[in-house]
Amino acid sequence: MLRLYDTVHGEIRDLPMRDPGRLSMYVCGPTVYGLPHLGHGRFTLVWDVARRWFTFRGLEVRFVSNITDIDDKIINLALREGTSEEAVARTYEDEWWSAMAAIGVARPDDSPHATQYVAAMVELIESFLADDVAYLTSDGLYFDTSRVADYGLLAGQPLESLRAGARVEANNEKRSPLDFALWKFAKPNEPSWPASFGEGRPGWHTECVVMSLDLLGDGFDLHCGGFDLKFPHHENERAQAVAAHRPFAQHWGHNGFVMVDNEKMSKSLGNFTSLTDLLARTDARAYRLLVIRSHYRSPIEVSRVTIADAERALARLDTLARRFDLPVLGGEKLVKGGDYHFAGEAAQLYERVCAFLDEDLNTPLAVAELFDAVSAANALADAKHEGRAAELALCVTVLFAALGLSVDGGVEEHDAEVRALVVARDQARSESRWAEADRLRDELVARGWIVEDSPEGTRIRRA
RNA sequence: GGCGGCGUGGCCGAGCGGUUAGGCAGGGGCCUGCAAAGCCCCGUACUCCGGUUCGAAUCCGGACGCCGCCUCCA
């Protein structure tokens with residue numbers, strides 16, 4: 001049974017399924033006005049891992065994640081750079097998808113754009129006006145949060161207490177500081193859409209509720225995002241669904257932040273590293289390993305030290321792949337558990353890892369178990385139990401692949417000149433000309449190779 | 001001010017009542033022509049102060065420190 005922590009109930013619960021065997025999942029996506037940073041990388045990795053694991057376990061997952069392509073930040077950037085909002089959104093959406101591809105996050109089944117859903121949003125807002133749940137101010141339409149009885153459910157506190165904690169608002173026409181913009185009237189030269197209540201653009205909270213319900217339907221299963229979206233974003237999405245009398249997400253999942261020097265990484269703090277920068281100097285798989293080594297709800301510390309640490313751990317896995325000549329699995333194609341059957345130690349490993357992951361995606365325990373299995377496989381092979389060792393090693397790669405981590409021994413290209421050095425070294429070694437062998441090794445090292453001896457002779461790989 | 005969370009060995013990071021988490025780094029050994037890789041062994045850690053218990057990192061109370069949300073935010 002697959003279980004997952006649910007924010008509303010504050011406990012781990014069975015994963016709900018409106019249709020047994022099929023899981024509908026919505027993850028709040030990015031606003032495309034800048035390069036994706038490590039925080040975006042974490043939330044996409046976390047939910048990509050979840051999606052992959054649920055798929056591995058036999059569920060048919062429908063995974064939807066939006067692109068917010070109209071927003072104040074986009075407008076401001078377009079103004080600053082003297083370009084159009086469309087151009088800004090397109091540029092950074094392209095950056096987004098290439099970063100996602102680079103870190104191995106599989107494409108959503110649907111990635112709706114806010115600008116494609118404006119008409120539906122207008123319709124929803126009209127119904128709010130009709131029901132007196134929305135009201136007009138000079139700069140737009142607002143949602144009256146007092147009309148939702150259980151407002152504050154996701155925040156975990158009652159409306160009154162939220163209201164008391166709210167800071168000073170710029171807009172004093174709001175009835176409550178908690179009320180939020182459904183629609184912002186267009187200012188000169190801003191992109192806008194027609195609406196019966198006045199030309200303008202939608203507020204952020206309205207798009208996700210409209211798109212998720214449209215694509216996944218009433219009462220869809222799972223709605224996910226970062227902890228910071230819990231309130232007010234998810235609260236407000238939910239409030240609108242309630243006001244529209246539509247059953248909303250049955251289960252809410254939230255992931256922890258990426259921390260830098262014990263502070264949340266965010267654009268507003270300016271302490272972020274873009275994924276693009278990270279990928280320029282790091283194997284993307286190391287970041288995934290770093291992410292799955294801790295629990296998805298915990299904060300993770302990301303620094304050159306922790307990334308380097310993960311890179312070395314990853315090298316240990318790749319070494320295993322090289323030793324056992326393991327297939328490279330994973331990638332864009334999601335792995336299904338039903339395709340594999342294991343015996344002996346591998347079967348036991350499989351059971352244990354599944355038990356950990358089925359219970360609130362406990363990736364750190366699963367990873368620890370898998371690293372134990374790496375040692376075990378090597379030890380078995382050292383003891384000449386080749387068959388058992390190979391089976392266990394294969395199971396390790398299958399389970400890592402299930403989490404989207406491709407263990408890869410990496411066959412690397414080398415030219416004839418390098419090849420000649422390797423051959424010459426093997427020759428020297430076979431004749432016990434050690435000084436010559438060491439000289440040839442030094443030469444290979446100088447060309448950027450790591451040299452290892454094996455029963456089959458000199459093996460090299462990129463340093 | 002309200003709500004939530006956290007403080008674990010050199011670092012990262014699990015565990016949440018009794019048994020080695022795991023990784024990285026470090027030390028010793030085996031293997032190796034020497035290495036590398038691999039294997040084996042090693043640190044005996046849980047902010048502090050009380051309490052509950054036969055037994056607490058794990059439960060309760062308090063103190064201190066830190067973080068997050070309440071405003072755009074993954």
Side-chain angles (χ1 to χ4, degrees), chain A residues 7 10 27-31 33 36-47 71-73 152 154-158 160-170 177-178 180 204 224-233 235 254-259 262-269 272 289-290 293-295 297-303 305-317 319-320 322-323 356 362-372 374-383 429 432-435 437-438 441-442 445 450-454 458-461:
Chain A
T7 304
V27 179
C28 285
T31 300
Y33 70 102
H37 61 66
L38 264 31
H40 298 106
R42 157 112 111 153
F43 95 78
T44 51
L45 283 167
V46 161
W47 301 114
D71 176 89
D72 289 2
K73 301 226 162 118
L154 276 156
Q157 38 185 329
E160 264 321 302
S161 131
L162 283 166
R163 185 201 289 267
R167 296 169 206 183
V168 186
E169 257 308 327
L178 299 173
F180 57 91
W204 178 42
C224 307
F227 269 124
D228 50 358
L229 295 189
K230 205 157 52 166
F231 189 92
H233 184 57
E235 188 77 55
H254 293 98
N255 63 276
F257 300 129
V258 169
M259 311 295 279
N262 206 29
E263 268 201 324
K264 176 186 171 187
M265 176 177 287
S266 74
K267 281 200 175 136
S268 42
L269 287 173
F272 67 93
L289 183 57
L290 182 60
R293 255 183 0 176
S294 63
H295 190 85
R297 287 190 278 120
S298 302
I300 53 169
E301 189 69 31
V302 177
S303 65
V305 173
T306 59
I307 288 170
D309 182 292
E311 282 186 301
R312 285 186 221 103
L314 179 65
R316 184 165 157 76
L317 301 178
T319 300
L320 185 83
R322 223 173 295 120
R323 178 171 191 175
F356 288 139
N362 199 326
T363 55
L365 284 178
V367 168
E369 197 67 38
L370 287 164
F371 271 94
D372 273 344
V374 170
S375 297
N378 278 317
L380 281 168
D382 285 354
R429 290 188 69 230
S432 300
R433 299 192 333 261
W434 307 126
D438 290 349
R441 176 166 59 196
D442 290 345
V445 169
I450 289 172
V451 179
E452 295 177 353
D453 296 339
S454 78
T458 295
R459 296 177 73 155
I460 57 171
R461 62 190 164 94

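Labels below follow one simple rule: chain letters A, B, ... track the order of the sequence lines, proteins then strands, and each chain is numbered from 1.
A distance of about 25 Å separates the P atoms of B:C34 and B:C24, rounded to the whole Å. Using atom P as the reference point in both B:U8 and B:C46, the two lie 10 Å apart (nearest Å).
A search for side chain to side chain contact (heavy atoms under 4.5 Å, CB included) contacts involving A:Gln157 returns A:Ala155, A:Ser161, A:Leu162, not counting sequence neighbours. Applying the salt bridge (charged side-chain N to carboxylate O under 4.0 Å, His left out) rule to A:Arg316 yields no partners; only residues at least two apart in sequence or on another chain are considered. Under the side chain to side chain contact (heavy atoms under 4.5 Å, CB included) criterion, A:Ala376 pairs with A:Leu392, sequence neighbours left out. Under the side chain to side chain contact (heavy atoms under 4.5 Å, CB included) criterion, A:Thr44 pairs with A:Trp96, A:Met100, A:Ile103, A:Val105, not counting sequence neighbours. The side-chain hydrogen bond (donor to acceptor under 3.5 Å, both in side chains) test applied to A:Glu369 returns A:Arg352, not counting sequence neighbours. The salt bridge (charged side-chain N to carboxylate O under 4.0 Å, His left out) check on A:Glu452 picks up A:Arg461, with sequence neighbours excluded. Under the side chain to side chain contact (heavy atoms under 4.5 Å, CB included) criterion, A:Asp438 pairs with A:Arg441, sequence neighbours left out. For A:Phe272, the ring pair (Phe, Tyr, Trp, His ring centres under 6.0 Å) criterion is met by A:His37, not counting sequence neighbours.
Taking atom CE of A:Met265 as the reference point, atom P of B:C67 lies 16 Å away to the nearest angstrom. Atom CG in A:Asn262 sits roughly 6 Å away from atom P in B:C67 (whole-Å rounding). To the nearest angstrom, P of B:A36 lies 12 Å from CZ of A:Arg461.
Nearer to the 5' terminus of RNA chain B, by closest-nucleotide assignment, is the contact made by A:Glu301 (compared with the other of A:Glu301 and A:Ala315).
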Could you pull out the protein-nucleic contacts involving nucleotides 20-24 of chain B (nitrogen or oxygen on both sides, under 3.5 Å)?
residue	atom	partner	partner atom	Å
B:G23	O2'	A:Arg293	NH1	3.4
B:G23	N2	A:Asp309	OD2	2.7
B:C24	O4'	A:Asp309	OD2	3.4
B:C24	O2'	A:Arg312	NH1	2.5

What protein N or O atoms touch nucleotides 32-34 of chain B N or O atoms at under 3.5 angstrom, if any, and at what distances?
residue	atom	partner	partner atom	Å
B:G33	O6	A:Arg425	NH2	3.4
B:G33	O6	A:Arg429	NE	3.4
B:G33	N1	A:Asp438	OD1	2.9
B:G33	N2	A:Asp438	OD1	3.3
B:G33	N2	A:Asp438	OD2	2.7
B:C34	O2	A:Arg441	NH2	2.4
B:C34	N3	A:Arg441	NH1	3.1
B:C34	N3	A:Arg441	NH2	3.4
B:C34	N4	A:Asp453	OD2	2.6

Task: Pair assignment for RNA chain B - dot-bracket with | for other-strand partners, Watson-Crick or G-U under 3.5 Å - done: (((((((..(((.....[...))).(((((.......)))))....(((((..]....))))))))))))....
- [ ] Encode nucleotides 41-47 of chain B as B, S and - characters from 5' to 3', where the letter depends on protein heavy atoms closer than 4.0 Å: B to the base, S only to sugar-phosphate, - to neither.
- [x] -------
